[in-house]
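Below you'll find the structure, written out as structure tokens, and then a few comments.
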Amino acid sequence: MSIRKRARSVSTVAAISAAVLAVSAGTASAKPGVPYVRYGASGLTAYCVQTAINHASVNRRTSADIILPDGKFGPATLGALQQLQRDFNLDPDGVVGPDTGTVLWQQIDEEIRQNYNWDTGFGAYASYCYYVLPTHS
């Protein structure tokens with residue numbers, strides 16, 4: 001193999017490696033210290049809860065019903081959240097605290113990694129759920 005061909009191969013491998021690192025470096029972990037999420041919450045916070053429940057349902061990690069992600073934490077969201085909490089061996093209190101929030105963020109983070117960072121319709125991308133879900137890490 002000529003020196004030019006070898007140099008091109010090395011630079012191609014380096015470019016691909018750099019692209020892979022750039023994509024994986026942007027993944028955030030969840031943020032501790034944000035307020036608990038309860039029945040009656042609305043907006044992006046409720047949307048993040050709903051979207052995470054749906055991701056867990058689609059991937060058969062919970063038997064919770066798929067719910068409309070409308071940003072309103074009402075009876076359907078409460079019931080689905082309590083089912084998710086039971087399926088993950090959490091206290092089914094219907095409140096998103098650090099334990100439940102960590103599980104929910106893991107679902108959203110996985111969805112972002114598998115697909116893309118989508119616009120929520122609430123003026124933020126899905127990765128912003130990191131800032132509104134209470135978690136341990």
Side-chain angles (χ1 to χ4, degrees):
M1 182 183 282
S2 74
I3 292 177
R4 277 191 185 168
K5 284 184 181 178
R6 186 176 298 221
R8 259 186 279 172
S9 295
V10 168
S11 48
T12 301
V13 169
I16 291 170
S17 298
V20 168
L21 286 173
V23 168
S24 62
T27 304
S29 58
K31 183 175 179 71
V34 299
Y36 286 20
V37 184
R38 292 177 164 73
Y39 185 87
S42 62
L44 179 63
T45 304
Y47 175 89
C48 292
V49 171
Q50 294 165 332
T51 300
I53 292 168
N54 288 345
H55 181 76
S57 294
V58 166
N59 289 290
R60 298 197 170 113
R61 294 189 187 101
T62 180
S63 58
D65 291 334
I66 300 287
I67 49 178
L68 175 68
D70 61 0
K72 296 175 185 167
F73 191 146
T77 302
L78 177 63
L81 177 63
Q82 289 171 319
Q83 185 59 53
L84 177 133
Q85 289 172 322
R86 282 190 288 277
D87 291 340
F88 280 86
N89 297 314
L90 301 169
D91 180 17
D93 59 2
V95 175
V96 179
D99 293 338
T100 301
T102 297
V103 168
L104 294 175
W105 171 249
Q106 289 169 347
Q107 304 309 307
I108 292 171
D109 188 45
E110 181 178 81
E111 180 73 19
I112 291 169
R113 289 174 192 242
Q114 288 176 353
N115 296 309
Y116 61 98
N117 189 14
W118 67 96
D119 184 345
T120 64
F122 289 92
Y125 283 91
S127 58
Y128 196 78
C129 291
Y130 158 80
Y131 294 103
V132 298
L133 292 174
T135 63
H136 289 294
S137 60

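Hydrogens, waters and symmetry mates play no part in the numbers below; they use all other heavy atoms, side chains included.
- Leu81 is listed as a side-chain neighbour of Ile53, based on a closest heavy-atom distance under 4.5 Å.
- Hydrophobic cluster membership is shared by Ile67 and Leu78, with clusters built from Ile, Leu, Val, Met, Phe, Trp and Tyr side chains linked at under 4.5 angstrom.
- Evaluation of the disulfide (SG to SG under 2.5 Å) test over residues 34-137, restricted to residues two or more places apart or in two chains, returns Cys48-Cys129.
- The nearest pair of heavy atoms linking Ala52 to Ile108 is CB-CG1, 3.8 Å.
- Considering every non-hydrogen atom in both Asn54 and Pro69, the closest pair reads ND2-CD, 4.0 Å.
- Other cluster members for Leu68: none, since no ILVMFWY side-chain heavy atom sits under 4.5 Å from it.
- Ring-plane geometry between Tyr131 and Tyr128 is classed as tilted, the angle between the planes lying from 30 to 60 degrees on a 0 to 90 degree scale.
- In this structure, the separation between CG on Asn59 and CD on Gln114 is 6.0 Å, given to the nearest 0.5 Å.
- With sequence neighbours left out, Glu111 forms a side chain to side chain donor-acceptor pair (under 3.5 Å) with His55, Asn115.
- Asn117 places no side-chain N or O within donor-acceptor distance of the main-chain N or O of Tyr125, the cut-off being under 3.5 Å.
- Note that OG of Ser127 is 9.0 Å distant from CH2 of Trp118, once rounded to the nearest 0.5 Å.
- Among residues two or more places apart in sequence or in another chain, the ring-ring contact (aromatic ring centres under 6.0 Å, His included) test is passed with Phe122 by Tyr47.
- In terms of the side chain to side chain donor-acceptor pair (under 3.5 Å) criterion, residue partners of Gln50 (sequence neighbours excluded) are, by chain and number, Asp70, Thr77.
- Here the side chains of Arg61 and Gln106 are not in contact, with every heavy-atom distance at 4.5 Å or above.
- Partners of Phe73 according to the ring-ring contact (aromatic ring centres under 6.0 Å, His included) rule, which considers only residues two or more places apart in sequence or in another chain, do not exist here.
- Applying the disulfide (SG to SG under 2.5 Å) definition to pairs two or more places apart or across chains, none involves residues 49-109.
- Val58 belongs to a hydrophobic cluster whose remaining members, ordered by chain and number, are Ile66; membership requires side-chain heavy atoms of ILVMFWY residues under 4.5 Å apart, directly or through intermediates.
- Qualifying side-chain contact (heavy atoms from CB on, under 4.5 Å) partners for Asp65, counting only residues two or more places apart in sequence or in other chains: none.
- Not counting sequence neighbours, the partners of Asp99 by the side chain to side chain donor-acceptor pair (under 3.5 Å) test are His136.
- When atom types are taken as modelled, the side chain of Gln85 and the backbone of Thr100 share no donor-acceptor pair closer than 3.5 angstrom.
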Counting only pairs under 3.5 Å, give me each side-chain donor-acceptor contact of residues 37-45, with atom names and distances, residues two or more places apart or in other chains.
none

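- Checked against side chain to side chain donor-acceptor pair (under 3.5 Å), Gln83 has the following partners two or more places apart in sequence or in another chain: Ser63, Arg86, Asp87.
- Cluster membership check: Leu90 shares its hydrophobic cluster with Val49, using side-chain heavy-atom separations under 4.5 Å among Ile, Leu, Val, Met, Phe, Trp and Tyr.
- Note: Phe88 CZ to Leu104 CG = 8.5 Å, rounded to the nearest 0.5 Å.
- When all heavy atoms are compared, the tightest approach of Ala64 to Ser57 is O-OG, 2.8 Å.
- In this structure, the separation between CG on Asp91 and CD on Gln82 is 9.5 Å, given to the nearest 0.5 Å.
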